Q: 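Before anything else, here's the structure in question.
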Amino acid sequence: MQEKKIRYTLGKEERLSRKKIIEALHAKGIAIKSPAIILVYHFTELPCTFPAQAMFSVSKRIFKRAHDRNRAKRLMREAYRKQKHIVYTSLETSGKQAALHFIFTGRQLPNQPYAHGKISDLIQRFCVELSRQNAVGPEKEA
């Protein structure tokens, strides 16, 4: 029996870009807050085979310079890319698909270990919420 190989990539299909899904995410999404990063998620049907699509944003109000915003987004994407298999396995076991939005709200430019730790914490809390929802049962979608 051959073991499934985990690919640590973040391709175009795994990035959230559909306007309709993003609007639904912001209208009906549930937030998990952590100092410096917020995760907003919404369970929905995605137009891809992946169990999750993610997007990353940094406020222009906090970081005026584009290269600082790009650096923060790059660090968050990298941290998510290395840990997305945790999200995928928990979503696949529950049979759901989710749209994820990571929003950086910190005042200082993060370094790689900091971003990795915060994203890891948010992913773990997301998986706990997902397992709790599965234990309670399916709730009505508004």
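Keep in mind it's a predicted model, so treat the numbers as computed, not measured.
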Q: Using a 4.5 Å cut-off on heavy atoms from C-beta on, say whether the side chain of Gln97 contacts that of Leu91.
A: no
Q: Give a yes-or-no answer on whether the side chains of His116 and Gln83 include a donor-acceptor pair shorter than 3.5 Å.
A: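 Present: a donor and an acceptor within the cut-off.
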Q: Which heavy atom of Phe102 sits nearest a heavy atom of Ala54, and at what distance?
A: CE1-CB, 4.4 Å
Q: Quick one: are Phe104 and Leu75 in side-chain contact, heavy atoms under 4.5 Å?
A: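 In short, these two side chains do not touch, never coming nearer than 4.5 Å.
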Q: Check the hydrophobic clustering (I, L, V, M, F, W, Y; side-chain heavy atoms under 4.5 Å; chains of links allowed) and say if Ile38 and Leu130 are grouped together.
A: no
Q: Can you find a pair of side-chain heavy atoms, one from Pro110 and one from Lys118, that are under 4.5 Å apart?
A: no
Q: Donor-acceptor pair, Glu23 side chain versus Lys20 backbone, under 3.5 Å?
A: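 Not at all, since once roles are kept as given, no pair shorter than 3.5 Å links the two residues.
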Q: Would you say Arg18 has more than 12 foreign heavy atoms packed within less than 6.0 Å of its CZ?
A: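 Incorrect, the count does not exceed 12.
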Q: Apply the side chain to side chain contact (heavy atoms under 4.5 Å, CB included) test between Val40 and each candidate in Ile103, Ile32, Ile30; give the one that qualifies.
A: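 Among Ile103, Ile32, Ile30, the one meeting side chain to side chain contact (heavy atoms under 4.5 Å, CB included) with Val40 is Ile103.
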Q: Let me confirm one number: the CG-CG distance from Asp121 to Leu39, rounded to the nearest 0.5 Å.
A: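 Here the interatomic distance stands at 10.5 Å.
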Q: With a sphere of 6.0 Å drawn around CZ of Arg81, does it hold more than 12 non-hydrogen atoms of other residues, nucleotides or ligands?
A: yes
Q: Using atom types as modelled and distance alone, determine if a side-chain donor or acceptor of Thr9 lies under 3.5 Å from a backbone N or O of Gly11.
A: no
Q: Which heavy atom of Arg125 sits nearest a heavy atom of Ser34, and at what distance?
A: NH1-CB, 4.0 Å
Q: Please report the shortest heavy-atom distance between Tyr114 and Ala36, naming the atom on each side.
A: OH-CB, 3.2 Å
Q: Does the side chain of Pro47 reach to within under 4.5 Å of the side chain of Ile21, using non-hydrogen atoms?
A: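 SC-SC contact between Pro47 and Ile21 confirmed.
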Q: Hey, could you give me the CD/NZ distance between Gln53 and Lys12, rounded to the nearest 0.5 Å?
A: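 Spacing of CD (Gln53) from NZ (Lys12) equals 11.5 Å.
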Q: Determine whether the aromatic ring centres of residues Tyr41 and Phe43 are separated by less than 6.0 angstrom.
A: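 Judged by ring-centre distance (under 6.0 Å), Phe43 and Tyr41 do meet the cut-off.
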Q: As an exercise, state the distance from OG of Ser90 to NZ of Lys96, rounded to the nearest 0.5 Å.
A: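 Interatomic distance, Ser90 OG to Lys96 NZ, rounded to 0.5 Å: 10.5 Å.
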Q: Can Tyr80 and Glu14 be counted as having a side-chain donor-acceptor contact under 3.5 angstrom?
A: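 There is no such pair between these side chains.
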Q: Any Lys/Arg nitrogen of Lys82 or Glu78 sitting under 4.0 Å from an Asp/Glu carboxylate oxygen of the other?
A: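 Looking at Lys82 and Glu78, the cut-off is met.
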Q: Might you point out which heavy atoms bring Phe56 and Lys73 nearest each other, and give the distance in Å?
A: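 Closest pair (atom of Phe56, atom of Lys73, distance): O-CD, 3.6 Å.
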Q: With side chains defined as the heavy atoms from C-beta onward, is the minimum distance between Leu16 and Ile22 less than 4.5 Å?
A: yes
Q: Between the side chain of Arg69 and the main-chain N/O of Ile62, is any donor-acceptor distance below 3.5 Å?
A: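 Judged by distance alone, no pair lies under 3.5 Å.
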Q: Are the side chains of Ile86 and Gln124 in touch, meaning some heavy atoms are under 4.5 Å apart?
A: yes
Q: Rounded to the nearest 0.5 Å, what separates atom CZ in Arg132 from atom SG in Cys127?
A: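 The SG atom of Cys127 is 12.5 Å from CZ of Arg132, to the nearest 0.5 Å.
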Q: To the nearest 0.5 angstrom, please state how far the CZ atom of Arg77 sits from the NZ atom of Lys84.
A: 13.0 Å
Q: Decide yes or no on side-chain contact (heavy atoms from CB on, under 4.5 Å) for Gln133 and Ser94, but give the supporting numbers first.
A: CA-CA 9 Å; Gln133 282 186 0; Ser94 68; over 6 Å; no
Q: Dump the intermediate steps for side-chain contact (heavy atoms from CB on, under 4.5 Å) on Met55 and Arg15, then the final yes or no.
A: CA-CA 6 Å; Met55 67 183 281; Arg15 295 180 190 224; over 6 Å; no
Q: Are Phe126 and Leu122 linked, directly or through other ILVMFWY residues, by side chains that come within less than 4.5 angstrom of each other?
A: yes
Q: If you take all heavy atoms of Ala98 and Leu46, which pair is closest and at what distance?
A: O-CD1, 3.4 Å
Q: Please examine the side chains of Val58 and Met76, heavy atoms only from C-beta on, and report whether any two atoms are closer than 4.5 Å.
A: yes
